[in-house]
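Each chain gets a letter, A, B and so on, in the order the sequences are listed, and its residues count up from 1.
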There are 2 protein chains.
Amino acid sequence: MRTINDIARQCGVSKSTVSRVLNGHPYVSEQKRQKVLSAIEETGFTPNNLAVQFRKRKTSAIGIITPQVDHPYFASLVQSLSNACAAKGWKPVIFQTFGDKKRELDVFAKLKQRELDGIILTSSALEAPLLAHCLENGPILICNEKYEMDTTVCSLDEESAAYTLTMHMLQTGKKRLLFCLDQTSPSQEARYRGFLKALAVKNLAEGAKRIEAMVTIEDGIRLGSELFRNNQSLIDGIFAGSDFVAAGILHAAKQHQISVPEKCAVTGFDNHPISRITDPPLTTYDNEIAAMAQETTAQLDLQLTGHSYVPKHLLWKGYLVPRNST
Amino acid sequence: MRTINDIARQCGVSKSTVSRVLNGHPYVSEQKRQKVLSAIEETGFTPNNLAVQFRKRKTSAIGIITPQVDHPYFASLVQSLSNACAAKGWKPVIFQTFGDKKRELDVFAKLKQRELDGIILTSSALEAPLLAHCLENGPILICNEKYEMDTTVCSLDEESAAYTLTMHMLQTGKKRLLFCLDQTSPSQEARYRGFLKALAVKNLAEGAKRIEAMVTIEDGIRLGSELFRNNQSLIDGIFAGSDFVAAGILHAAKQHQISVPEKCAVTGFDNHPISRITDPPLTTYDNEIAAMAQETTAQLDLQLTGHSYVPKHLLWKGYLVPRNST
DNA sequence: ATGAAAGCGCTAACAG
DNA sequence: CTGTTAGCGCTTTCAT
């Protein structure tokens, strides 16, 4: 493999000079610069990035941690984040943890060792104190999940979103609502708080039911089948937590000839395209994921360039998308 | 930051010894090994990976190149591939190109510079000769797309899959079929060949129609609306190319009161969960993505460990999932 | 079994 | 403007 030395020799200059032109330094005579440039061109030389990174202690790589990529919400979030990073000239590197603590810690370790210049965490499997401790490894911002940490956290106002959706169902006269979470997490709990808050307004907080681990279409089908089996479910409204789960529920409803929304209303979350084509079309909630992703990288940029950075807790409000499932 | 020197000094040994225990070498006295180990433990020392990688010219990182992650098919493929890599003890690093040549070339450059030990390419934006040239950078295997290259390529037998699906439609008496591709690529063309082959058997190859750039639910809705607008479409069967596109078409069909499959049959591709809940449920094709992903990494392993490696062209056959849309 | 020494390829003072 | 020098943190001969 060709090195900086080779082309230095070839051009009759020192390797510092080559390094200088490589790094766009001033103070290199135009003549030598051209000579070096053409030698590089001619030989097809590429600097050894591993050496450069090692030397500079810097990679411009940003890690994006996500539970998994094959999940409609995280896929779109990760994509927005990647694009925002690329736009800043960083290299986004996606890491999937599958909820595994060790994998997550491995990524944080990379930050400590400067394999990564920063990390954007969309969701963590670690318990709060441990995560708080990891934050000391370097710039770790949180995008999506709402952790109470001493770092910048950008998240959706899930409480308000859930309140809005729930209130919307309640106003159509529904009284016995079921709330689905995918997994327990601060955001999901915030959502649940919003749900309860709406119920409380109508004095219905007593009857609140919740069910966890609902994430896929299949989960929705399963839940719906169980609920609607005897056509005498006590539930008359379901807060599904994701459009996919809601789509599964709607499917089960149709199979069991439960009319939606008359007999049972259903709301989704995320405003994924699937919500347009369910029968009936799904009432859902649209969040400004792209805006949140962009702001997260903007904040990371501030932190990386180091001027006067202070952690912020930012919240995004989305909007209700009313359709015919309510 | 702590280095290997620090703990060498602390233990009163040379840094070579520390390096040896770090790398699990033999020939280190049990006594010193323990001493070093406990010093590492105590100080929380982690070797600087950038330095290690630089020195060893090896990162154990495998790049996975994909057009984008927010796409049901690629998301699931990437996930399978990631898992398979992780199972081998490698670090899967996902790169999205968004069909951009430069981004793709950037990743190949990382291979040349040993930032990556290998690459798994799911789809390329480069023209064949250029891609062929890139293959010389190091181990680049192809998983999914069917390029005629001098490297291992694992792909689905799209031609046979399309033939099966098409034949299936034809056997129900359909005659005027429309074929949708997402983008032109060898695999997609192979699919189209299978489609034509089936038509030819029935002497219907003349009337074959194809349309490109169909990838999302929305694309499907748009296409369906156009086709069904006057309720007098000449098309009586649609080969949709993906379950999402098919779902959009089915939605449009219902809106325009076109009965499926009577008036127009529709087939999907991928057997994504969404295919279960469309109305009617979607006839689709299930491919063994996970198996293909696993074999790809197994082949990469062979190549990386270097014993007697020869490029192979492997093909996976899936199976028809007949449902009520045909 | 272990230490000394020689780099990996590159950058960054420092001294002209 | 440019070359010399001194490493970055680690691995790996090569002696011992």
Side-chain angles (χ1 to χ4, degrees), chain A residues 1-40 43-61 109-117 137-138, chain B residues 1-40 43-61 109-117 137-138:
Chain A
M1 195 172 168
R2 218 170 284 284
T3 78
I4 206 180
N5 280 304
D6 299 327
I7 75 136
R9 205 173 312 120
Q10 177 176 336
C11 297
V13 301
S14 76
K15 59 179 180 171
S16 323
T17 300
V18 179
S19 173
R20 285 186 184 108
V21 346
L22 247 20
N23 291 283
H25 273 247
Y27 305 135
V28 182
S29 71
E30 198 46 34
Q31 191 208 88
K32 299 205 171 175
R33 158 170 275 114
Q34 286 312 328
K35 204 171 195 171
V36 169
L37 249 23
S38 65
I40 288 175
T43 59
F45 163 81
T46 342
N48 179 328
N49 244 314
L50 247 29
V52 175
Q53 292 168 6
F54 166 49
R55 187 52 243 253
K56 292 191 177 169
R57 300 166 168 55
K58 181 169 176 346
T59 58
S60 341
K110 286 178 196 295
L111 185 58
K112 191 174 171 194
Q113 302 161 182
R114 316 275 28 212
E115 271 185 84
L116 254 25
D117 285 357
N137 283 207
Chain B
M1 194 174 167
R2 216 171 288 284
T3 77
I4 206 180
N5 280 305
D6 299 329
I7 75 138
R9 205 173 312 120
Q10 179 176 335
C11 296
V13 301
S14 75
K15 59 178 180 171
S16 322
T17 300
V18 178
S19 173
R20 285 185 184 109
V21 346
L22 247 21
N23 292 283
H25 273 247
Y27 306 133
V28 181
S29 70
E30 198 44 36
Q31 191 208 83
K32 298 205 170 172
R33 158 169 275 114
Q34 286 311 327
K35 204 171 195 171
V36 169
L37 249 23
S38 65
I40 288 174
T43 59
F45 162 81
T46 341
N48 179 328
N49 244 315
L50 246 30
V52 175
Q53 291 168 7
F54 166 50
R55 190 50 244 254
K56 292 189 177 170
R57 301 166 167 56
K58 181 170 175 353
T59 57
S60 331
K110 285 178 197 295
L111 185 58
K112 191 175 171 194
Q113 302 161 182
R114 316 276 30 211
E115 271 185 84
L116 253 25
D117 285 358
N137 283 207

Length of the line joining B/Tyr27:OH and D/dT16:C1', which is rounded to integer Å:
16 Å

Least distance between heavy atoms, B/Phe45 atom then B/Ile4 atom
CE1-N, 3.7 Å

Nearest-nucleotide comparison on DNA chain D, the residue closer to the 5′ end among B/Arg20 and B/Phe54:
B/Phe54

Is a donor-acceptor pair below 3.5 Å formed from side chain A/Ser16 to base D/dT4, judging by atom type as modelled?
yes

CD of A/Gln113 versus P of D/dC10: gap in Å, rounded?
9 Å

Nearest-0.5 Å distance that lies between atom SG in B/Cys11 and atom CZ in B/Arg33:
13.0 Å

CG of A/Asn5 versus C1' of D/dT4: gap in Å, rounded?
13 Å

Could you tell me if A/Gln53 and B/Glu115 have a donor-acceptor pair between their side chains, going purely by distance under 3.5 Å?
yes

Judged by each residue's nearest nucleotide on DNA chain C, which is more toward the 5′ side, B/Pro26 or B/Arg57?
B/Pro26

Between CG on residue B/Asn49 and NZ on residue B/Lys56, distance to nearest 0.5 Å:
9.0 Å

Atom pair distance, as rounded to whole Å: CG in B/Asn48 and P in D/dG7
18 Å

Would you mind telling me which residue lines up with the more 5' stretch of DNA chain C, A/Thr3 or B/Lys32, judged by nearest nucleotide?
B/Lys32

Any base atoms under 4.0 Å from B/Val13, or only sugar-phosphate, or nothing? Heavy atoms, all strands.
sugar-phosphate

When rounded to the nearest 0.5 Å, the distance separating CG of B/Leu50 from CZ of A/Arg55 is 12.5 Å

To the nearest Å, how far apart are B/Leu50 CG and D/dG9 P?
11 Å

Under a 4.0 Å heavy-atom criterion, DNA chain C is touched by chain B from C/dA1 to C/dG9

Could you tell me the separation between the NZ atom of A/Lys15 and the C1' atom of D/dC8, rounded to a whole number of Å?
12 Å

Here the pair of heavy atoms bringing A/Leu37 nearest to A/Val21 is CD1-CG2, 3.6 Å

Could you check whether atom NZ of B/Lys110 has more than 12 heavy atoms from other residues, nucleotides or ligands sitting under 6.0 Å from it?
yes

What is the distance, rounded to the nearest whole Å, between atom NZ of A/Lys112 and atom P of D/dG9?
14 Å

Whole Å only: how far is the CD atom of A/Gln31 from the C1' atom of D/dC1?
12 Å

